[in-house]
Asker: 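Sharing a structure, written as C-alpha cells. Questions coming.
Only a predicted model underlies this, so the values are computations on that prediction, with no experimental measurement involved. So you know, we letter chains A, B, ... as the sequences are listed, proteins then strands, and number each from 1.
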Protein chains: 2
Amino acid sequence: MRPVTVYDIAREANVSVATVSRVLNNTAPVKKETRERIVALMHKHQFQPNALARSLSRKETGMIGFILPDITNPFFPEVLSGFDYEARKLGYTYFLCDTISTNEENERQYDRQYERESQYLNLLMEKQVDGIVMIGGRVDLAKPGSELEREVEEASKRVPVLLLNGNLPQTKLNRISADQKLGAQLAVQHLIDLGHRDIAAIGGYAKMTNTQQRLLGFRTAMKEAGLPVRKEWILTEGFSVEKGREFASRLLGAKRRPSAIFCMNDLLAIGALKAAHRVGLGVPEELSIVGYDDIPQATYSIPELTTVSLQSQEIGRQAARTLDKMIAGKKVPRLQSIMPELVVRETTAPYTGPPL
Amino acid sequence: MRPVTVYDIAREANVSVATVSRVLNNTAPVKKETRERIVALMHKHQFQPNALARSLSRKETGMIGFILPDITNPFFPEVLSGFDYEARKLGYTYFLCDTISTNEENERQYDRQYERESQYLNLLMEKQVDGIVMIGGRVDLAKPGSELEREVEEASKRVPVLLLNGNLPQTKLNRISADQKLGAQLAVQHLIDLGHRDIAAIGGYAKMTNTQQRLLGFRTAMKEAGLPVRKEWILTEGFSVEKGREFASRLLGAKRRPSAIFCMNDLLAIGALKAAHRVGLGVPEELSIVGYDDIPQATYSIPELTTVSLQSQEIGRQAARTLDKMIAGKKVPRLQSIMPELVVRETTAPYTGPPL
DNA sequence: TTGAAAGCGCTAACAG
DNA sequence: CTGTTAGCGCTTTCAA
C-alpha cells in the first residue's frame, strides 16, 4: 500500500497541506480543534513524515557522517559511544563509515584506507549530511600529502568537518585532540618516579603524529630526568597485540634489557605482557609496563594495565557538541585540547633491580 | 555558494536536465559528443548529485539501519565489520543505532533500551531506509511481549527487517542465527572429553533466548554423558567481566568446587580467569575454563581462552547479503543457521584432580 | 537521441 | 488561523 502523505491527511481533514505541515512541525498556531482532528488522523493512519522530502526542502538532514578506520579496534567504539550519546540528544543520526573493515579471509585491508576515506567523503556529501567527523586514517599522518589534505579542505567548504585526535597540518580545520605528548610524559614520568632508568618505548608508526608526539613526550621526560634514550630501545611500526609481543620479545631477549616498557597503546602492552610471561618475567616485580589509551580491555588483563587515559568517551561527546555548533554556524575554537590522565593499576612497580 | 544542480549543468551544456540525468545514471544512450561535454562540465563544477532528491523520486535510498545494543561490547563490532564489508560492496551505507551508549557519568543505560529500539525503528522508517537489521535487545528476549513484537512486525510491513542471533517468536520475520545450543554442546563435550565431571555454567540472563539455548546445550551434553547438573553450579544474570569474576569467586570459594567452568561469553571467562588467579588456582592445570563468542580479546588473556566461535563476522556478511536480497524482493530462507565452532586454546586441559 | 513536464512528499513564503 | 503555490533537485514517462 502506498504510504500516507500529508496530502492524504489534509484531504481527510478538510484542510490544506500547509496546515498539516504546521501541526507536524509546530511551526505556527493552529486552531485547537483542527489540530486535534489532524493529530487523530495521523495516528489513525500511522502517518510517518518522509524525512527525505522534508530534508530536501529544509536543506538540513540531521545526519552526520562518522569516518573511522576500524570499528573492531576497541579504541574507536569508546569514542563513538560518547559521540552517540550526545549526538542522539541533539537529534542527529549518523552513518558509520569504516575505512578498513574485514574481508572474507578475515584480514583487514589497510592499503585502500585513504581511497575509502575519499569515497566516503564524497558519498556523505551527496547524502547531504549536516556534518562530518574524521578520526584516524589520514588524520593521523604527520605528512598526509597535499592531495589528501586538499580533498578534506574542499569538503569542509561545503559541510562542517571536524577532526579528532589528529590534524591536517596544511589546513585550518577544527579539531579536538588529546595532548599526546603530555600523556606520554605522564606515563614515563611515572616510571621514572618509580626508580626506573632503563626504559624502552614500543609501537606506533613513525609517520603518525600521535606516535611522534608520544615519542617526543617520552624523550622529554627522559631528558628532564637526565636519563639516556637508547636507540635500540625504541621499536616502532605496529599497534597490535602481536606486534607488542614481538617488540617486547626482542627487548627481553637482548643481553641488556630495560626494566620498564612504555607502549604506544594498550594492545601493545597486552602483547608485552604476553612476552614477559613467556620468558618467565614477573610483571610488575621484574618488569614494569605502561600502556596508552585506556581501552576497557586494559582492566581485563592480569595484572591490569597501568595506562594513559585519552578520555575517549569525552572526546566523542565533545565532538558531537562541537559539530552541532559548527552546523548551527556558531564559532568554535580551532583546537580543543583534551587532557590525558595517568591511570595507575597493576603493571607498574618500583624498580627493584641491582642498584644503579 | 549555491551547490550546482543538474539544471546548472544542463543550461551550460545546452541540453535538458533529462539528458544530464541520463549521463549521470547511464540510463539511456546519449550522443557521445554531448555526453562528453556534460561529463566535462560535471567535473569542472565538481557536481555532486543530491542523493536526497534522487532517493525521493527513485524511492530507494541505499541506506540501511543497523540497530544494536552496545557498540562497546566487542562482540558487536565483529558482526558489524563483516556486515560493513558486504554492505559496502553492495552499495549500501548504514546508520548505526546504538540503543545503550554511555552517558556523562560513564554508565550504560539499559533501562531505556527497548524504548530506544522503538524510536530508532520509527526514525529509520522516516529516513526511508531500504532495510533494517536488528541484533540484541528485544531480539534476544525469549518472551519479548506482544507489544515489542507487534511493533517490529508492523515495521516489517513497510521495510525489510532482518533479525540477527535471536528471534521474535510471535512473528515470522527472517533471521540469521548461530546455533546456540550446539555451540554449548561443543564446549561442554570438550570438557567432558577431557575427563571433567564437575562442570559449572555461569552468566547470561535467564530471560534471554541465547542463555536458555546455551544452558539447554549444557544440560544436554551433561545428560548424554550421564553427568549430574548441580543447581548451585548454574549462576546467571550477567555478561560482564565483573560478573564473571563474581560468579567464579563464589564457585571457587565453596567447599566443593567444579573442575571446569563453562562461561556464557568470553568476558565472563576473562572474569573467571581473574577469580582463579586471585585464589591462586592454576588455569588450566587446576581449573578449566571455556568461553563463548570468540571475540578478539579471547586471545589477549594469559592463558588464551578456549571458546566457541559464533562466526560473528560471517553472520554480519550473511546479513548484508540477505538483506540485499530482501530489498530486491527476492525470497530468502526464513532462518539461516550458522554453525558455531569450538576453538581450543589454552584454558582447558585434562582433569587431574583426585580420581572419581 | 533528446526535450517537456509531471511528479516524489514536504516546507515556507505570501496572501487572505 | 488557514489556503495557495512555488520550490527543493532529480527521475521518468511520453512525445518528438
Asker: Provide, to the nearest angstrom, the distance between the CD1 atom belonging to A/I38 and the C1' atom belonging to D/dC1.
Answerer: 11 Å
Asker: Starting at CD of B/Q48 and ending at C1' of D/dC10, how long is that distance when rounded to a whole Å?
Answerer: 15 Å
Asker: In whole angstroms, how far is the P atom of C/dG9 from the CD1 atom of A/I9?
Answerer: 13 Å
Asker: Judged by modelled atom types alone, do B/T322 and B/Q336 share a side-chain donor-acceptor pair under 3.5 Å?
Answerer: yes
Asker: Distance check needed: D/dC1 P versus A/E33 CD, whole Å only.
Answerer: 12 Å
Asker: Considering only side-chain heavy atoms of A/K31, which listed nucleotide, D/dC1, C/dA13, C/dT11, is closest?
Answerer: D/dC1
Asker: Would you indicate which nucleotide in D/dC10, C/dG9, C/dG3 comes nearest to any side-chain atom of B/A18?
Answerer: C/dG3
Asker: C/dG3 base to B/R22 side chain: any donor-acceptor pair below 3.5 Å?
Answerer: yes
Asker: So what does A/V20 hit on the nucleic acid, given a heavy-atom distance under 4.0 Å: a base, only sugar-phosphate, or nothing?
Answerer: nothing
Asker: Both B/K32 and B/S57 contact DNA chain C. Which one's nearest nucleotide lies toward the 5' end?
Answerer: B/K32
Asker: Report the nucleotide, chosen from D/dG9, D/dT5, D/dT11, that has the shortest atom-to-atom distance to any side-chain atom of B/L56.
Answerer: D/dG9
Asker: When you measure from the side-chain N and O atoms of A/N25 to the phosphate of C/dC10, is any distance below 4.0 Å, counting only OP1 and OP2?
Answerer: no
Asker: Taking only the side-chain heavy atoms of B/F47 (C-beta and beyond), determine which of D/dC10, C/dT2, C/dG9 contains the nearest atom.
Answerer: D/dC10
Asker: Find the distance B/L24:CG to C/dT2:P and express it as a whole number of Å.
Answerer: 16 Å
Asker: With distance as the sole criterion, is a donor-acceptor pair present between the side chains of A/S118 and A/R138 under 3.5 Å?
Answerer: yes
Asker: Apply salt bridge (charged side-chain N to carboxylate O under 4.0 Å, His left out) to the pair B/E153 and B/R150, showing each step before the final yes or no.
Answerer: CA-CA 5 Å; B/E153 176 135 63; B/R150 199 193 51 69; over 6 Å; no
Asker: Take the protein atom CG of B/N26 and the nucleotide atom P of D/dT12, then report the distance between them rounded to whole Å.
Answerer: 13 Å
Asker: Please state how far atom CG in B/D8 lies from atom P in D/dG9, giving the value in whole angstrom units.
Answerer: 9 Å
Asker: Counting only heavy atoms not in B/E115 (residues, nucleotides, ligands), do more than 12 fall under 6.0 Å from its CD?
Answerer: yes
Asker: Would you call the rings of B/Y94 and B/F83 parallel, tilted or perpendicular if under 30° counts as parallel and over 60° as perpendicular?
Answerer: perpendicular
Asker: Does A/S21 make a side-chain N or O approach to OP1 or OP2 of C/dT11 shorter than 4.0 Å?
Answerer: yes
Asker: With a 4.0 Å limit, can you tell me whether B/T19 has a side-chain N or O closer than that to the phosphate oxygens OP1/OP2 of C/dG3?
Answerer: yes
Asker: Compare side-chain N and O positions of A/S16 against OP1 and OP2 of D/dG3 and report whether any pair is under 4.0 Å apart.
Answerer: yes
Asker: Rounded to the nearest angstrom, tell me the gap between atom CZ in B/R58 and atom C1' in D/dC8.
Answerer: 17 Å
Asker: Report the residue (B/K59 or B/T34) whose heavy-atom-nearest nucleotide on DNA chain C is the more 5′ of the two.
Answerer: B/T34
